[in-house]
There are 4 protein chains.
Amino acid sequence: MDVRKGAGAGRPRDPGIDTAVLTAAGRQLDDRGFQALSFESVARTAHTTRAAIYRRWPTRTHLALAVVAWRLDVPPAPDTGCTLCDLAEGMKVFLSAFRTLRPDVLNAIHVACANDEELRAEYRRIVDEPPRAVVTGLLQRAQRRGDLREDVDIGSLLDILNAVIHHRAVVGATHLSNDEAEALIEILMRGAASDYERLVAHSRTIDIQHSLPL
Amino acid sequence: MDVRKGAGAGRPRDPGIDTAVLTAAGRQLDDRGFQALSFESVARTAHTTRAAIYRRWPTRTHLALAVVAWRLDVPPAPDTGCTLCDLAEGMKVFLSAFRTLRPDVLNAIHVACANDEELRAEYRRIVDEPPRAVVTGLLQRAQRRGDLREDVDIGSLLDILNAVIHHRAVVGATHLSNDEAEALIEILMRGAASDYERLVAHSRTIDIQHSLPL
Amino acid sequence: MDVRKGAGAGRPRDPGIDTAVLTAAGRQLDDRGFQALSFESVARTAHTTRAAIYRRWPTRTHLALAVVAWRLDVPPAPDTGCTLCDLAEGMKVFLSAFRTLRPDVLNAIHVACANDEELRAEYRRIVDEPPRAVVTGLLQRAQRRGDLREDVDIGSLLDILNAVIHHRAVVGATHLSNDEAEALIEILMRGAASDYERLVAHSRTIDIQHSLPL
Amino acid sequence: MDVRKGAGAGRPRDPGIDTAVLTAAGRQLDDRGFQALSFESVARTAHTTRAAIYRRWPTRTHLALAVVAWRLDVPPAPDTGCTLCDLAEGMKVFLSAFRTLRPDVLNAIHVACANDEELRAEYRRIVDEPPRAVVTGLLQRAQRRGDLREDVDIGSLLDILNAVIHHRAVVGATHLSNDEAEALIEILMRGAASDYERLVAHSRTIDIQHSLPL
DNA sequence: TGCTAAGCGAGACGGTACGTCCCGTCTTAAT
DNA sequence: ATTAAGACGGGACGTACCGTCTCGCTTAGCA
């Protein structure tokens, strides 16, 4: 994102400006959304100048993505030995990652990426991939354990999970609640599990021991 | 959308302006997306003035929604007697409705509705509800026929369908293909059908007779 | 001013509108000056429509002049037998006429008349002539009495009086005070009287009897 | 007028814009008067933008005053040794200064200053003071020479001169002619000179030598 | 130590669009 | 024919940002 060339000669960039700008931009995204994010006002509240920001990020979309990248921090995949529990826990990864940002902001950034393939890839790398990777590993493990049918396409399942979370956030203007996440998992697992009832039973025993709240 | 008060008195609005503006705005949405939609340029290309547009739609979001409402035309629900075929056909309703618009445009409009409850409701009324109503009827019929399990929550199923279509359009920058739609239906029906295999078998016999292409 | 054609046929004009408009326009001239006088706001505060005003006065300059004509009411010339007293009293005619209006308003109206000979004549007829006529008679009488030199051009004197009043009002943003008016009369009469000292002496005797406050 | 703050930092203003704008504004004042002076059209004909003009002059009144200041150039006071000749020559200063501008424009500017004390002071500084200073010196010299009576208030005389010039320009929609100026001087000097006839006689001898045309 | 290349703040530049206000004209239905 | 109501095309307002530029000053690393 940060467009730094052959550093070495010349005065080095003031790193304080980087953080000041990202902080100010983040605040502004939180307060008034992406459409209200302007170089002008960010420069003003970060006590710097537009030029200093342009030197680092060429468009406000790049800047906003930098803010997202700066904030998101996806924890590693859980492994409780219980497929349903793992899934529920994995969903938390998605949800908590998204909950650090206003739902509409992510969406707006994405829209802004619409006409720039490179930017869209950046978005996927930063926003989509990390939580997806976590759940992918989790489902593959489940399939190896025999909890998922052999012919289930994990990619499709992930698409659905991802989609529902995004859509709910955006259309409902609120993130998916834990109950809704559970309902979603049930629907999908009924179709994808080799023996759904067994999974539920197993999940109960684990629940008692670990009491994993979604 | 169109903010008409105590009609009757005063010079009536020129309906030619309505269509000229909607046409121009539509063109601009198609060509350069929502973010490039400006009252200024719409007025210019529709050969009218900003004021005449403001009189009808107070913000460009309202205008864009009016364009969407003007374009979308959802056909009635099919009833072939075959649940899978009906579903596939119903998906077409969703898909064709969305395919008349750039995927990112819908999303951008939605983002713009984020901070306005009334506008968001309008969006739902125009964009979400019509195709949703079609598929709702369709799934209820299937449930009455005994093709869907009694305990399946139709609302949840619809949420998923809706979400996947929207998300794919937006994140993938492309609308859901027919194959993907079929894969999605399979996953969901495996979990929701009382006897999925029977549905598939029945679908085959119908397919031969009616050759319903998705 | 009022542009009434061949009245007789059709619905008659509502005279209430005339007064309502003149009142509203007058208020607006008093409060915010000529430049802020708009058909729009006058129509609004007079609870009528622009068209009804246009029917009566074609431009806001005509309207403003109508307000002035409606207000100004010049009293007849005094005749005390004392030239200086008469003059002082005559000045009151000028001053009181102007004091019913904001100084800048008259000036602004005049500017607005600059490019319209007919309108300028109207202005002269309404604003300049009445007080001028009063003082003209007064000076002619003085000249007949032998108080003014035979070779004094009364027109020039009037020009000067008129000018000083106008200019002071406009440049000083305040109307001429009575003391200043007296000083002005002194300067002019010193040059124009056949025997200034005698006039002053005469004025003193009259003053005692009539105590004419300026 | 020109609102330049802590000069030194930042990109310096393009002085070409200053002159282009003043030229364009001057042209517009000459052609269509003050009321037709708009930032929009000035920007257009000066091939620049409204913002660049706003940066220099906050209102069109300031702009118009800047045009006046840019144009007026008052020559120093004459000293011929003949009071009447000096006065006549001094009047030329007033007159030529005002003749570079449409009479109604000055007036309109003044009206626009009506509600702004600071602006009105600016107007006085630019328009009134310079010629006034010239004639003040001239009359003081005459008084020292004994040509003017000791008890004559020079300020009052100046007020009158100033007023008549302004008023005639504005009300008559034309500047004072030379003959009228002479008549005015005569009236005032008759009242103010210690010996008017002597001044006239002296003036004749000078006239022959220098032939000062008014 | 002094050169040079960049960073930096300040702020002007030509632009585009905003949302508002008023203009003077018109169309309609009601009086 | 006038009225209230209100739409019409048009023009200008003053503001906000855009992305670029020109300055003079600061801050390094390299010679």
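Here is the naming used below: chain letters follow the sequence lines, and residue numbers restart at 1 for every chain. On a predicted model such as this, the values are computed, not experimentally measured, just so you know.
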Those residues of residues 20-39 of chain A lying under 4.0 Å from DNA chain F by at least one heavy atom
A:Ser38, A:Phe39
Apply salt bridge (charged side-chain N to carboxylate O under 4.0 Å, His left out) to C:Asp14 and list each qualifying residue two or more places apart in sequence or on a separate chain.
none
By salt bridge (charged side-chain N to carboxylate O under 4.0 Å, His left out), A:Glu117 pairs with (sequence neighbours left out) A:Arg120, A:Arg124
[N] phosphate, OP1 or OP2, under 4.0 Å from [X] side-chain N/O:
X	N	result
B:Thr48	F:dC8	no
A:Arg13	E:dG7	yes
A:Thr49	E:dA10	no
C:Arg56	F:dT3	yes
A:Arg55	E:dC8	yes

So what does A:Arg44 hit on the nucleic acid, given a heavy-atom distance under 4.0 Å: a base, only sugar-phosphate, or nothing?
sugar-phosphate
Would you list the pairs meeting salt bridge (charged side-chain N to carboxylate O under 4.0 Å, His left out) in which at least one residue belongs to residues 35-49 of chain C, sequence neighbours left out?
C:Glu40-C:Arg44, C:Glu40-C:Arg50
Could you give all pairs that pass the salt bridge (charged side-chain N to carboxylate O under 4.0 Å, His left out) test and reach residues 60-70 of chain D, with sequence neighbours left out?
none
Find which nucleotide of DNA chain F each of A:Arg60 and A:Pro12 is nearest to by heavy atoms, and output the residue with the more 5' nucleotide.
A:Arg60
Mapping A:Ile17 and D:Ala52 to their closest nucleotides on DNA chain E, which lands nearer the 5' end?
A:Ile17
Name the residue closer to the 5' end of DNA chain E, choosing between C:Glu40 and C:Ala51 according to the nucleotide with the nearest heavy atom.
C:Glu40
Qualifying ring-ring contact (aromatic ring centres under 6.0 Å, His included) pairs, either residue in residues 18-37 of chain C, two or more places apart:
none
For a quick check, tell me whether the side chain of D:Arg50 and the base of F:dG14 share a donor-acceptor pair closer than 3.5 Å.
yes
Is the base of E:dG11 touched by the side chain of D:Arg11 through a donor-acceptor pair closer than 3.5 angstrom?
no
Whether B:Arg71 and B:Asp30 form a salt bridge (side-chain N of Lys/Arg under 4.0 Å from carboxylate O of Asp/Glu) is what I want to check.
yes
